[in-house]
Every structure is written in structure tokens, then in C-alpha cells.
Amino acid sequence: MQGKDVRDDVDATSSTIGRPLPRQPLVAISADVVGLYKYLWQATPLQYIEAAVAGAGVFPLIVPSFGDRLDFDQLFAAVDGLIVTGSGSNVHPSLYGGDGSQANGPYDPARDSTTLPLIRKAIAEGLPVLAICRGLQELNVALGGTLATEIQDKPGNLDHREVPSDNRDERYAIHQTLAITSDSCLSAIVGGDNIIVNSLHRQAIGRLAEELEVVARAEDGTIEAVSVRSARAFALGVQWHPEYWIKTDETSARIFRAFGDAVRARAATRLGVADAAE
């Protein structure tokens with residue numbers, strides 16, 4: 001168990017426009033293309049869906065990775081937030097001028113073709129965005145940044161990869177100390193300038209996109225969290241996995257609660273505009 005117990009439910013019934021909001025506003029969530037049971041599946045790991053429901057109090061809507069075959073305008077007319085999940089795959093280096101060899105894989109180009117435009121559109125339209133692990137890396141690439149691969153091999157860097165274990169709790173154990181930028185959005189969320197997290201990755205942000213601001217670093221200087229400078233709503237990317245311990249770790253829970261609050265605020269605004277138009 002990590003940290004202290006926190007509440008599982010989120011009170012999302014209040015409204016600033018005099019009308020009860022849906023208890024679970026819709027939030028788009030990214031999907032991977034994976035092989036399972038001799039089929040290809042569009043899938044999202046359970047830990048992200050559970051955290052969306054139990055931690056943020058939202059209704060996760062899994063968006064299939066079909067790229068520009070999807071009508072994003074129709075999707076964004078219905079959802080009030082976006083979660084970009086972690087994954088076992090990496091953003092294809094051709095999207096940021098990197099080495100596209102299999103050594104830097106595995107890849108999921110169908111996901112890349114979907115998440116990158118989703119991220120750009122969500123930020124442009126003022127939707128709350130929470131990007132986790134691969135999601136943080138997609139956020140940086142979507143806005144013009146690059147990624148560094150196999151960071152554990154670079155002199156002076158820590159080994160950020162998960163520990164070898166068949167026990168998932170051991171692999172996702174909270175163990176790495178981060179320094180939070182003072183007076184940043186993340187500092188306001190977690191209530192301090194230092195946190196301990198479960199960061200598990202072999203890639204990281206290389207050149208930071210101009211629209212992003214660093215809000216947390218590891219002890220070796222690796223960028224572990226960013227926010228979007230021009231965002232009109234919550235827009236946070238974290239390299240670690242707050243979704244895994246939302247029921248027992250206060251820092252993790254606060255991140256998902258803050259995202260859920262931002263989603264409900266956006267839903268309230270959207271419903272208010274709809275009421276005014278009637």
C-alpha cells in the first residue's frame with residue numbers, strides 16, 4: 001500500500017448554472033492497437049479507466065486509433081476532457097526527427113495518428129488534458145518537441161525503468177523524488193515543492209516544445225512534468241503513473257481530482273452556453 005487512504009468518490013452533482021450536471025461528464029481516452037487472442041484490439045489499460053471513474057469522477061470514452069478517419073469535431077461536441085494514457089509502445093521517431101529503428105520501439109503508428117491531433121485540438125478548444133507517461137511524450141511531440149531515447153544509458157542519468165518483477169505493485173512502487181517548480185500549477189495541486197512518485201520509463205522529453213513549461217524534474221534533471229503555457233484549462237503532462245495508486249496515495253488522488261474538477265467546470269460552461277442558446 002502507498003500513502004494514506006483517500007476518498008474514492010467524487011461529488012460532481014453541483015452546478016454553477018442552477019442545473020445539476022451529469023455526475024460523470026464524458027472524457028475522451030486514448031486507445032492502443034494490440035494483438036490479443038489472435039485478434040487486433042483497440043484497448044486501454046484498466047488502471048487508467050478505473051482512475052478516470054474513481055479518481056476523477058468522469059465517464060471515460062475510449063477513442064479508437066483511426067486517425068483522420070474520425071470526426072474529431074463530433075467527438076469534441078460531446079466530451080469535456082482528454083486523458084492520454086501510458087503504453088508499452090513509443091511515439092514513432094519519424095514524428096520528431098529521431099531514429100526510427102526497432103531498437104527504439106515498439107511503435108503504434110495508428111495511435112500516433114490519433115493522439116497527436118487530439119492533443120492539439122483539445123488544447124486549442126480549451127478542454128482539460130491529462131497526459132500520462134507516453135501521453136506526456138505525445139504532448140511534447142504534438143507541440144513540436146523531441147524525445148530522448150534510452151536515457152538510462154546517458155552519463156549522470158538515473159535508471160528510470162521499472163524494476164524486474166512479476167508483481168505489479170513492485171513494478172509501480174512509489175520511490176522517486178521529484179522537485180516541483182514553485183508557484184506552478186502542479187505545486188498548487190499537490191500542495192508542496194517535493195513529491196515521491198512511480199516513474200517508469202526509458203524515454204523522456206529531449207527538446208522541450210516552446211508551448212510547454214517544466215513543472216517537475218527528477219534528481220538527475222529529467223523532465224517529469226509539464227504544463228501548457230497558453231492553455232485555457234487544466235493541461236498537465238506527467239511522466240509517472242498517478243493512475244495506479246489513486247485510492248491510497250494522496251498526491252496521485254489530487255491530480256485526478258483536479259482534472260475531474262476542471263472537466264466539470266468545462267461541462268458547466270458548455271451547458272450554460274447551450275442554455276443561453278435555447
Side-chain angles (χ1 to χ4, degrees), residues 27-49 52 60-76 79 81-125 127 129-153 160-162 199-212 223 226 228 235 237-241 243:
V27 166
I29 188 166
S30 58
D32 301 315
V33 179
V34 294
L36 185 66
Y37 305 131
K38 300 181 181 179
Y39 294 94
L40 284 178
W41 293 72
Q42 299 272 357
T44 299
L46 177 60
Q47 65 197 55
Y48 296 96
I49 301 173
L61 178 67
I62 299 174
V63 179
S65 292
F66 286 136
D68 61 10
R69 295 164 60 191
L70 299 177
D71 184 343
F72 289 156
D73 288 338
Q74 182 177 356
L75 173 67
F76 277 64
V79 302
L82 172 66
I83 296 175
V84 193
T85 67
S87 174
S89 66
N90 293 326
V91 179
H92 199 280
S94 64
L95 296 167
Y96 57 88
D99 176 11
S101 69
Q102 287 304 310
N104 292 322
Y107 304 121
D108 187 346
R111 170 167 168 152
D112 295 338
S113 70
T114 307
T115 52
L116 271 60
L118 273 178
I119 289 168
R120 288 190 285 262
K121 187 171 180 64
I123 292 170
E125 297 201 2
L127 265 73
V129 176
L130 177 58
I132 297 171
C133 195
R134 189 197 208 267
L136 172 139
Q137 296 170 16
E138 289 167 300
L139 173 63
N140 191 52
V141 172
L143 299 181
T146 67
L147 302 179
T149 61
E150 308 304 334
I151 60 172
Q152 70 279 352
D153 296 335
H160 294 257
R161 294 173 296 179
E162 64 185 52
S199 192
L200 320 170
H201 56 105
R202 50 185 258 257
Q203 294 197 147
I205 288 177
R207 185 185 74 250
L208 184 69
E210 290 184 5
E211 290 184 56
L212 297 181
I223 296 172
V226 297
V228 181
V238 299
Q239 186 62 76
W240 67 92
H241 290 272
E243 83 286 348

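- Here the rule is side chain to side chain contact (heavy atoms under 4.5 Å, CB included) with Thr85, and of Leu130, Ile132, Thr115, Ile29 only Ile29 fits it.
- In this structure the side chain of Val79 reaches within 4.5 angstrom of the side chain of Leu127, judged on heavy atoms.
- Heavy atoms only, all atoms of each residue included: Tyr39 and Tyr37 are closest at CD1-O, 2.9 Å.
- Counting only distance, with no hydrogens or angles, the side chain of Trp41 and the backbone of Leu36 share a donor-acceptor pair below 3.5 Å.
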Applying side chain to side chain contact (heavy atoms under 4.5 Å, CB included), run through Leu136 and Val226 and close with a yes or a no.
CA-CA 8 Å; Leu136 172 139; Val226 297; 4.1 Å; yes
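- Annotation for Glu125: atom CD counts as buried by contact number, over 12 foreign heavy atoms lying within 6.0 Å.
- Contact between Gly135 and Ile119 at its shortest, heavy atoms only, is O-CD1, 4.5 Å.
- Around the CG atom of Asp68, the shell of radius 6.0 Å holds no more than 12 heavy atoms that belong to other residues, nucleotides or ligands.
- Counting all heavy atoms, side chain and backbone alike, Val129 lies closest to Ala122 at CG2-CB, 3.6 Å.
- Panel note: side chain Asn140, backbone Ala209; a donor-acceptor pair is recorded below 3.5 Å.
- Between the side chain of Asp108 and the backbone N or O of Val33, at least one donor-acceptor pair lies under 3.5 Å.
- Closest non-hydrogen pair, Ser65 versus Ala110, comes out as CB-O, 3.5 Å.
- Residues satisfying the salt bridge (charged side-chain N to carboxylate O under 4.0 Å, His left out) criterion with Glu138, sequence neighbours excluded, are Arg111, Arg134.
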Stepwise side chain to side chain contact (heavy atoms under 4.5 Å, CB included) check, Leu82 with Val27
CA-CA 5 Å; Leu82 172 66; Val27 166; 5.6 Å; no
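- Side-chain N/O atoms of His241 and Glu243 include a donor and acceptor closer than 3.5 Å.
- To the nearest 0.5 angstrom, Thr114 atom OG1 is 5.5 Å from Phe72 atom CZ.
- For the residue pair Ala52 and Ile83, the shortest heavy atom distance occurs at CB-CD1, 3.9 Å.
- Under a 3.5 Å cut-off, the side chain of Gln203 and the backbone N or O of Asn90 do not form any donor-acceptor pair.
- Atom CD1 of residue Ile123 and atom NZ of residue Lys121 lie 12.5 Å apart, to the nearest 0.5 angstrom.
- Rounding to the nearest 0.5 angstrom, the gap separating the OG1 atom in Thr146 from the CG atom in Leu208 is 9.0 Å.
- With hydrogens and angles disregarded, no donor-acceptor distance shorter than 3.5 Å links the side chain of Asp32 to the backbone of Val34.
- Side-chain contact between Gln42 and Phe66: present, with at least one pair of heavy atoms (C-beta onward) separated by less than 4.5 Å.
- Separation of atoms CD1 (Ile205) and CD (Gln239) is listed at 7.5 Å; rounding is to 0.5 Å.
- Within the model, atoms OG1 of Thr44 and CG of Leu61 stand 10.0 Å from one another, a figure rounded to the nearest 0.5 Å.
- With sequence neighbours excluded, the residues forming a ring pair (Phe, Tyr, Trp, His ring centres under 6.0 Å) with Tyr107 are His92, listed by chain and number.
- No donor-acceptor pair under 3.5 Å is formed between the side chain of Arg120 and the backbone N or O of Leu143.
- Contact between Val91 and Leu95 at its shortest, heavy atoms only, is CG1-CD1, 3.9 Å.
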